[in-house]
Amino acid sequence: MSVPTPLRRPDAHAGVGPVAPRPPAPTLHHPPADYTYDGSFEGLLTVLFRVYERRSAPNSIQPEGAAQGGLFAQAVAIDTDETLATRTWDGLLRFMPDAARARLYHVFLSEDPERELLIFRYADMALRAGRDISENYADPTVRRMQRLAQQLFREKHRMEAFVRFEKAQDGLFHATIEPDFDVLPLIAGHFTRRYADQRWLIFDKKRRYGLYYDLRQTTIVEFETGRATPRPGEVAATVLDEREPLFKILWQAYFDHVNIPERKNIKLHQRQMPRRYWKYLSEKQPRERRFEPIKNKRGPEPPSL
């Protein structure tokens, strides 16, 4: 997908003449095809390269396991080629800024059912325009891309705020999340910087993989898909640190004492902290101890005589 750099020709009056016209974008004149790939972002970039190589626009782009071919059409399986993927990724900067290119990756992480075709349409529009189209909100593809990116980053910020770690006996801090979007790649840097002095694991229950930090680097770890998982909390009590129940009680006590009953607003609370996250939040678990007001506050001074 790389676009050749503009050529310059000598000029009699100046050292450099006008920029030569940009070569036209490749025409996709062959019949559309159904493409399949391995489901990775590198695989999708390889598909984009092959589309222009074959001069055949995509009728659909689907992961191999979820592909649904037509009655007579034969899907074109594209093998991931990291060299071509890198070439495509670098070539995107020829007609869009880095922020717009990053949006393609963010839309991919959104797991929207039409994400592959959205990414192709956006890249193809930018290629044919020869310029940045990220602010062309009159176009439905651009608006859809922007909306998905906003939703993804909203979920990212929530995960950075709602992760609750539990300490295991071996010193590992474990947390389970179940976000709407695949945000683990986006929150890795935040938790690596914030918890650089302890080993931790953040497990995405929905996607069966996690982030593991070993005091040196953060890596992606995968889990067996058929293995049963514990109930909310996700760590068996037998492997938790003996002080973990106390930490949970202390967290709940802190949450209760900073709460102001007179200013309770359930609708606002659920909008900022949706109920689907509550099963992984310590402060939302059933109380093992009944809430009691703080008793160490001094009462009003008795009147002087």
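Just so you know, residue 1 is the first one in the sequence shown, and it goes up from there.
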Say whether Tyr52 and Asp124, considering side chains only, have a donor N or O and an acceptor N or O under 3.5 Å apart.
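A pair is found: one side chain offers a donor N or O, the other an acceptor, under 3.5 Å apart.
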
Test of understanding: with ring pair (Phe, Tyr, Trp, His ring centres under 6.0 Å), list the residues that count as partners of [X], not counting sequence neighbours.
{"X": "Phe153", "value": "His106"}
{"X": "Tyr213", "value": "Trp200"}
{"X": "Phe41", "value": "Trp89, Tyr105, Phe108"}

Atom CD of residue position Glu160 - does it have more than 12 heavy atoms of other residues, nucleotides or ligands inside 6.0 Å?
yes

Counting heavy atoms not belonging to Arg194, are there more than 12 under 6.0 Å from its CZ?
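Counting other residues, nucleotides and ligands, CZ of Arg194 stays at 12 neighbours or fewer.
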
If you look at every heavy atom in [X] and [Y], which pair is closest and at what distance?
{"X": "Ala129", "Y": "Ile133", "answer": "CB-CG2, 4.0 Å"}
{"X": "Asp38", "Y": "Gly43", "answer": "OD1-CA, 3.7 Å"}
{"X": "Leu48", "Y": "Ile119", "answer": "CD1-CG2, 4.3 Å"}
{"X": "Pro63", "Y": "Gly39", "answer": "CB-CA, 4.2 Å"}
{"X": "Ala196", "Y": "Leu215", "answer": "O-CD2, 4.0 Å"}
{"X": "Leu148", "Y": "Ser110", "answer": "CD1-OG, 4.0 Å"}

With [X], which residues qualify under side-chain contact (heavy atoms from CB on, under 4.5 Å), at least two apart?
{"X": "Arg55", "value": "Pro26, His29, His30"}
{"X": "Asp132", "value": "Pro97, Ala100, Tyr122, Ser134"}
{"X": "Asp139", "value": "Met125, Asn136, Thr141, Val142"}

Measuring only between side-chain heavy atoms, which start at C-beta, is [X] closer than 4.5 Å to [Y]?
{"X": "Tyr137", "Y": "Gln146", "answer": "yes"}
{"X": "Arg54", "Y": "Val76", "answer": "yes"}
{"X": "Leu211", "Y": "Leu201", "answer": "no"}
{"X": "Pro58", "Y": "Leu117", "answer": "yes"}
{"X": "Asp214", "Y": "Gln217", "answer": "yes"}
{"X": "Ser40", "Y": "Thr80", "answer": "yes"}
{"X": "Phe95", "Y": "Arg128", "answer": "no"}

List in chain and number order the residues that pass salt bridge (Lys or Arg N to Asp or Glu O under 4.0 Å) with [X], two or more places apart in sequence or in another chain; answer none if no residue qualifies.
{"X": "Arg50", "result": "Glu53"}
{"X": "Arg193", "result": "none"}
{"X": "Asp204", "result": "Arg207"}
{"X": "Arg144", "result": "Asp112"}

Could you go through the side-chain contact (heavy atoms from CB on, under 4.5 Å) check for Asp34 and Ile61 one step at a time?
CA-CA 6 Å; Asp34 296 314; Ile61 306 175; over 6 Å; no

Please answer whether the main-chain N or O of Thr46 pairs with a side-chain N or O of Thr88 as donor and acceptor at a distance below 3.5 Å.
no

Under the 3.5 angstrom rule, does the side chain of Arg131 hit a backbone N or O of Ala126 as a donor-acceptor pair?
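Between the backbone of Ala126 and the side chain of Arg131 there is no qualifying donor-acceptor contact (under 3.5 Å).
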
Please report the interatomic distance [atom1]([X]) to [atom2]([Y]), rounded to the nearest 0.5 Å.
{"X": "Leu186", "Y": "His157", "atom1": "CG", "atom2": "NE2", "result": "9.5 Å"}
{"X": "Leu104", "Y": "Leu92", "atom1": "CG", "atom2": "CG", "result": "6.0 Å"}
{"X": "Glu166", "Y": "His174", "atom1": "CD", "atom2": "NE2", "result": "8.5 Å"}
{"X": "Gln198", "Y": "Lys167", "atom1": "CD", "atom2": "NZ", "result": "8.5 Å"}
{"X": "Ile187", "Y": "Glu155", "atom1": "CD1", "atom2": "CD", "result": "10.0 Å"}
{"X": "Leu45", "Y": "Ile78", "atom1": "CG", "atom2": "CD1", "result": "13.0 Å"}

Determine, stepwise, if the pair Thr192 / Thr218 fulfils side chain to side chain donor-acceptor pair (under 3.5 Å).
CA-CA 7 Å; Thr192 300; Thr218 302; 2.6 Å; yes

Under the side-chain contact (heavy atoms from CB on, under 4.5 Å) criterion, do Ile202 and Ile177 qualify, and how do the steps go?
CA-CA 7 Å; Ile202 302 177; Ile177 62 175; 3.9 Å; yes

Can you tell me which residue among Glu116, Glu64, Gln62, Glu42 is in a side-chain hydrogen bond (donor to acceptor under 3.5 Å, both in side chains) with Tyr37?
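It is Glu116; the other options fail the test.
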
State whether Asp98 and Arg101 are salt-bridged, where the test is any N-O pair (Lys NZ or Arg NE/NH1/NH2 against Asp/Glu carboxylate O) under 4.0 Å.
yes

Arg115 bridged to Glu111 by N-O distance under 4.0 Å
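Looking at Glu111 together with Arg115, the answer is no, because their closest N to O distance does not fall below 4.0 Å.
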
Set of side-chain hydrogen bond (donor to acceptor under 3.5 Å, both in side chains) partners for Asp197, sequence neighbours left out
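Asp197 satisfies side-chain hydrogen bond (donor to acceptor under 3.5 Å, both in side chains) with no residue once adjacent residues are dropped.
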
With Asp81, which residues qualify under side-chain hydrogen bond (donor to acceptor under 3.5 Å, both in side chains), at least two apart?
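Scan of Asp81 (side-chain hydrogen bond (donor to acceptor under 3.5 Å, both in side chains), adjacent residues dropped) gives none.
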
Tyr209 vs Ile220, side-chain contact (heavy atoms from CB on, under 4.5 Å): CA-CA, chis, key distance, verdict
CA-CA 7 Å; Tyr209 84 101; Ile220 293 178; 3.5 Å; yes

Report the C-alpha separation of Asn59 and Tyr35 in whole Å, then their side-chain angles, then the decisive distance to 0.1 Å, and conclude whether the side-chain contact (heavy atoms from CB on, under 4.5 Å) test is met.
CA-CA 8 Å; Asn59 185 50; Tyr35 294 92; over 6 Å; no

